[in-house]
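Please read the structure below before turning to the comments.
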Amino acid sequence: MTTPRNIIVAPSILAGDFGNFARDAQRVEQGGGDWLHCDVMDGHYVPNITFGPDTIAAFRKATKLPLDVHLMIERPDQYAERFMDAGADHLIVHLEAAHDVAKTLAQIRVRGKSAGLAINPATPAEKVLPFLGQIDELLLMTVHPGFGGQAFLPEILPKIRALRSAAAGDLPIIVDGGINPETGRQCVEAGANVLVAGNSLFRHKALNLTEAIAELRGHATNQD
Ligand code: DX5
Ligand code: ZN
């Protein structure tokens, strides 16, 4: 099983300070984060509401990092253009949302952006197979979407393994939810290479963000 060797750490701004988003986006950049993971929630697809395109535009001004925009919204097809206009580099849409998935993925790729597909914990790996040739990244939820700070679901590990072997070796596989040095290491061992983490980084008891990012990356990289 091949996994892209480079481990990408994508801190989730959902765990940042909503009153100081620009500051925290810069902290992620200065702290060695690779992508800024931005969780968009509409109160329909998930029972929570976060922010929209104007906030993505503010992140675009605050950091040079790739904006990894995770759309937990019912109609990603209706908003994709606005998020890409606002500065999203990666746009990740949910298979389970109410849209024509292939069409939305094409809509993202035609703009030269990275088209990502996300699936919830309950969605079986097989559902992703028809889309593997149409995506640039695959996000496997390791918690139920909607909130940060939840416990990692270890039952997703076999799904990571299955999709790692089904997908092209260089397809980035993202894990998202409850990721810390230990769960991150398990996910990398199973074939993931992009670690989204919110609370384990922003709420780390002992380490500042820079140290917490380094610890997460270090644990995940040293598979021995
Ligand atoms: C949950 C979001 C995750 C979440 C991760 O719906 O998609 O990105 O912010 O937060 P932690 O790492 O705290 O579980
Ligand atoms: Zn997310």
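Keep in mind the model is a prediction, meaning the values are calculated, not measured. Ligands are counted one by one from 1 in listed order, and the atoms in each one are counted from 1 as well.
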If we only count N/O pairs under 3.5 Å, is His144 in contact with ligand 1?
no
Counting only heavy atoms, which portion of Leu14 has something under 4.0 Å from ligand 1: side chain, backbone, both, or neither?
side chain
Give a yes/no verdict on whether any heavy atom in Phe152 is under 4.0 Å from an atom of ligand 1.
no
Short version for Ser12: what comes under 4.0 Å of ligand 1, heavy atoms counted, is side chain
Is the closest N or O pair between Asp39 and ligand 1 shorter than 3.5 Å?
yes
Side-chain heavy atoms of Pro121 within contact of Val143, under 4.5 Å:
no
Any idea which N/O/S atom from His37 gets closest to the Zn ion (ligand 2)?
NE2
For Thr142 and Asp176, does a side-chain donor sit closer than 3.5 Å to a side-chain acceptor?
no
Specify which N/O/S atom of Asp176 comes nearest to the Zn ion (ligand 2), by atom name.
OD2
For the residue pair Thr63 and Gln26, confirm or rule out a side-chain donor-acceptor distance under 3.5 Å.
no
Taking the N/O/S atoms of Asp39 one by one, which is nearest to the Zn ion (ligand 2)?
OD1
Would you say the side-chain atoms of His70 and Asp68 include a donor-acceptor pair closer than 3.5 Å?
no
Answer yes or no: is there a donor N or O on one side and an acceptor on the other, between the side chain of Asp42 and the main chain of Glu74, under 3.5 Å?
yes
Ligand 1 N/O within reach of Gly149 N/O, cut-off under 3.5 Å
yes
As a test of reading the structure, name the N/O/S atom of His70 that is nearest the Zn ion (ligand 2).
ND1
Is the shortest N/O to N/O distance between Ser200 and ligand 1 below 3.5 Å?
no
Out of Gly148, Gly198, Gly178, who gets a non-hydrogen atom closest to atom 14 (O) of ligand 1?
Gly178
For ligand 1, is Arg203 a contact, meaning one of its heavy atoms is under 4.0 Å away?
no
Out of curiosity, is Met141 lining ligand 1, as in a heavy atom under 4.0 Å away?
yes
